[in-house]
Amino acid sequence: MANIQFAIEGQDAVEATKALLEIPEISGDWQPVGETQRELALATIVAIVGIVGGTIAIAEQIRKWYNEWKKGKSGKKIDKVVIIGAGGKRLLLEGATVEDISKVLEGIR
């Protein structure tokens, strides 16, 4: 099984990451990137190790999650999300379609 990663950047990356992993069909772990004791993490890496259900449905949920956080969900916002799929293929979620996301998710099955 391939591992897919999400690189999430922005002031509220930690909160957005936790929200991503609350999607019931997604399981994985995350870690902050560049966190120091005086500074909050402005980026996280999420390793998705499993998905349950069809990739189109999950891709739709991921796209919805991204749009909410990019626009500033409850005043919290992220700047950029990149999905890193099998073989190192990268997909920037800005402008990505559900079909684009689904193709990357296919690598986890």
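Quick note: numbers below take in every heavy atom, side chains included, and nothing from hydrogens, waters or symmetry partners.
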* Test item: Gln5 and Ile48 side chains (from C-beta on) under 4.5 Å apart, heavy atoms -> no

* To do: Mind checking the CD-NZ spacing from Glu94 to Lys70? Nearest 0.5 Å is all I need.
  => 5.0 Å

* Inter-residue atom distance Lys103.NZ - Ile56.CD1, 0.5 Å rounding -> 9.5 Å

* Asked: Do the side chain of Lys89 and the main chain of Val104 share a donor and acceptor less than 3.5 angstrom apart?
  -> no

* Quick one: salt bridge (Lys or Arg N to Asp or Glu O under 4.0 Å) partners of Glu68, sequence neighbours excluded? -> Lys73

* To do: Look up atom OG1 in Thr55 and atom CD in Glu25, then write down how far apart they are to the nearest 0.5 Å.
  => 12.0 Å

* Verdict with supporting geometry, Lys77 and Trp69, side-chain contact (heavy atoms from CB on, under 4.5 Å) -> CA-CA 5 Å; Lys77 197 171 179 182; Trp69 283 90; over 6 Å; no

* To do: Working to the nearest 0.5 Å, report the span between OG1 of Thr44 and CG of Leu21.
  => 8.5 Å

* **Closest contact, heavy atoms only, Ala16 versus Ile8** => CB-CG2, 4.5 Å

* Donor-acceptor pair, side chain of Ser102 and main chain of Val98, under 3.5 angstrom -> no

* Asked: Checking side-chain contact (heavy atoms from CB on, under 4.5 Å) for the pair Ile83/Leu93: CA distance, chi angles, key distance, verdict?
  -> CA-CA 7 Å; Ile83 301 176; Leu93 283 188; 3.6 Å; yes

* Structure fact -> Paired with Leu91, the side chain to side chain contact (heavy atoms under 4.5 Å, CB included) test is passed by just one of Leu105, Ile84, Asp100, namely Asp100

* Take Trp65 and Val81, measure what side-chain contact (heavy atoms from CB on, under 4.5 Å) needs, and give me the verdict at the end. => CA-CA 11 Å; Trp65 164 86; Val81 176; 3.9 Å; yes

* Would you give the length of the straight line joining atom CG of Asn67 to atom CD1 of Ile62, rounded to the nearest 0.5 angstrom? => 12.0 Å

* Using modelled atom types only, decide if a donor and an acceptor are shared between the side chain of Arg63 and the backbone of Ile101 within a distance under 3.5 Å. => no

* **Candidate pair Phe6 and Val82, rule side-chain contact (heavy atoms from CB on, under 4.5 Å), full reasoning** => CA-CA 6 Å; Phe6 283 66; Val82 176; over 6 Å; no

* How many angstroms lie between atom NZ of Lys80 and atom CG of Leu92, to the nearest 0.5 angstrom? -> 6.5 Å

